[in-house]
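Just so you know, these numbers come straight off a predicted model, no measurement behind them. Atoms considered below: every heavy atom in the structure, side chains included; atoms not considered: hydrogens, waters and symmetry mates. Letters go in sequence order (proteins before strands), and every chain restarts at 1.
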Protein chains: 2
Amino acid sequence: MMNIQEIDSDKLEMAASMLKAIAHPVRIAILKHLEGGKKLTVTEIHELLGIEQSTTSHHLGILKDKGVLCSRREGKNTYYYLKHDILSQIVDCLQRCTCE
Amino acid sequence: MMNIQEIDSDKLEMAASMLKAIAHPVRIAILKHLEGGKKLTVTEIHELLGIEQSTTSHHLGILKDKGVLCSRREGKNTYYYLKHDILSQIVDCLQRCTCE
DNA sequence: TTAACAGATGCAAATATATGAATATTTAGC
DNA sequence: GCTAAATATTCATATATTTGCATCTGTTAA
């Protein structure tokens, strides 16, 4: 049985873990490249951002695990894309707040 | 002299650090209590959330340091409040995404 | 000035996160 | 089958974050 406080604290944990997934400069950069429904492979992202392949894969795994991204395998490639395009607005909203 | 990439990477760092400030269950709970322009003291928050005074003060310090909150001292009390009320929308947006 | 309250800060221990080298897995083509 | 390409995973190290106790600072009122 789950009481009100547990449910509420679960929701907080879930929101925090999703936000935490996004709250990293590399991962924000990834989101920006995926805005507008774009789909990119691990290699494309790793080359676009100039970071190691394994580091890229780790970051993508975190974003997927926390429900920010989805992925689809097509042959040798795995395409990653935004689960909710709304999420990229969070970053834009933030940048409006940080740039004043 | 600053080149384009440095500026861009600075913006990413700034957005990430603001998001990181928010991305914690206790700090999201604090934001929710401050929605709509409310101002609360450290003691009020510490009692509302049932967490230690010093822990509360640390969390508030992080939120203030990263530009999420402002504070005003009035006598013995320090009132904390949202710098941009827009920021509380981020959490709502997130919760819409996490609850489907 | 002292007492009492409100808040901030220093510190340490526990825990979590980030990164990349090395290795494993998956898939396509031969 | 074998090889190469793309991605994922394991592991270790470095670094950052969280928490709370103890303490310090600032403020009010007697």
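- For the pair L48(A)/L40(A), a side-chain contact is recorded, criterion being any heavy-atom separation below 4.5 Å from C-beta on.
- Put simply, the side chain of L31(A) reaches to within 4.5 Å of the side chain of L69(A), judged on heavy atoms.
- Distance, K66(A) NZ to dA16(C) C1': 11 Å, rounded to whole Å.
- Using a 4.5 Å cut-off on side-chain heavy atoms (C-beta onward), I90(A) and L19(B) make contact.
- Under the 4.5 Å side-chain criterion, counting only non-hydrogen atoms from C-beta, L49(A) is in contact with H33(A).
- Residues passing the ring-ring contact (aromatic ring centres under 6.0 Å, His included) test with H58(B), sequence neighbours excluded: none.
- Side-chain contact between R27(B) and I22(B) is absent, with no heavy-atom pair separated by less than 4.5 Å.
- Distance I22(B) CD1 to dT17(D) P: 15 Å, rounded to the nearest Å.
- When the side-chain nitrogen and oxygen atoms of H24(A) are compared with OP1 and OP2 of dT19(C), one or more of them lie within a distance under 4.0 Å.
- Computed from coordinates, the R27(B) CZ to dT19(D) P distance equals 8 Å when rounded to whole Å.
- The NZ atom of K20(A) sits 10 Å away from the C1' atom of dT15(C) (whole-angstrom rounding).
- For the pair K64(A) NZ and dT7(D) C1', the interatomic distance rounds to 11 Å; values are reported in whole Å.
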* Contact letters for nucleotides 5-12 of chain C, in which S counts primed atoms plus P, OP1 and OP2 and B counts the base, heavy atoms under 4.0 Å -> BSBBBB--

